[in-house]
Amino acid sequence: MKKSYKIDVDCPVCAGKMESAAKNTTGVKDASVNFMLLKMKVEFDEGADETAVMTAVRENCKKVESDCEVFF
């Protein structure tokens, strides 16, 4: 399953950090961030709990960029 989420981030470098953090989250098959659209697309591993995975994505993103936000 693939979904798109709104994000809040200040710069493209920070967006890249968020993308890397999301990709390295358990339950995420793939992730991409579009800084211009302020969107993150996440493809989940089969059977993954979307809410639990996105909570972990948000936490991981905050570790690399404390001012970012992922809305889900």
Side-chain angles (χ1 to χ4, degrees):
M1 168 176 45
K2 192 182 281 190
K3 287 202 166 184
S4 183
Y5 300 91
K6 182 175 173 24
I7 60 170
D8 184 23
V9 63
D10 302 24
C11 71
V13 172
C14 299
K17 290 178 184 179
M18 287 178 70
E19 180 175 291
S20 293
K23 284 182 176 184
N24 291 318
T25 302
T26 301
V28 174
K29 186 173 185 177
D30 194 25
S32 63
V33 171
N34 184 318
F35 174 69
M36 297 300 290
L37 296 178
L38 293 176
K39 295 278 185 186
M40 175 186 287
K41 288 185 181 177
V42 178
E43 185 176 355
F44 299 93
D45 289 337
E46 189 171 328
D49 178 344
E50 177 188 341
T51 303
V53 172
M54 288 309 298
T55 298
V57 166
R58 179 187 280 161
E59 290 172 4
N60 289 341
C61 287
K62 290 245 181 227
K63 288 178 186 175
V64 296
E65 184 51 49
S66 61
D67 292 338
C68 76
E69 188 58 71
V70 180
F71 302 98
F72 60 95

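Fair warning: this is a prediction, and the values are worked out from it, not measured in the lab. Throughout, residue positions are numbered sequentially from 1 according to the sequence presented.
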Taking all heavy atoms of Ala48 and all of Gly27, pick out the closest pair and write down the distance. CB-O, 3.9 Å
Heavy-atom closest pair, residues Ala15 and Val9: N-CG2, 3.8 Å
Same hydrophobic cluster for Val42 and Leu37, using side-chain heavy-atom links shorter than 4.5 Å among ILVMFWY? no
Atom SG of Cys11 and atom CD of Glu65: how far apart are they, to the nearest 0.5 Å? 6.0 Å
For the residue pair Met54 and Val70, what are the closest heavy atoms and their distance? CE-CG1, 3.7 Å
Hey, are the side chains of Lys3 and Phe72 touching, using non-hydrogen atoms and a 4.5 Å cut-off? no
Min side-chain heavy-atom separation Val33-Met40 under 4.5 Å: yes
What residue pairs, at least two apart or across chains, pass side-chain hydrogen bond (donor to acceptor under 3.5 Å, both in side chains) with a residue in residues 4-15? Tyr5-Glu50
Are Glu69 and Lys62 ion-paired here, with the side-chain N under 4.0 Å from a carboxylate O? yes
Side-chain contact, heavy-atom cut-off 4.5 Å: Cys68 with Lys17? no
Within-4.5 Å side-chain heavy-atom neighbours: Thr26 and Val53: no
Could you check whether Lys23 pairs with Glu19 (Lys NZ or Arg NE/NH1/NH2 to Asp/Glu carboxylate O, under 4.0 Å)? yes
Taking a hydrophobic cluster as the set of Ile, Leu, Val, Met, Phe, Trp and Tyr residues connected by side-chain heavy atoms closer than 4.5 Å, whether directly or through intermediates, do Met36 and Val13 fall within one such cluster? no
Check for me, please, whether Val57 and Leu38 land in the same ILVMFWY cluster - side-chain distances under 4.5 Å, paths through other members count. yes
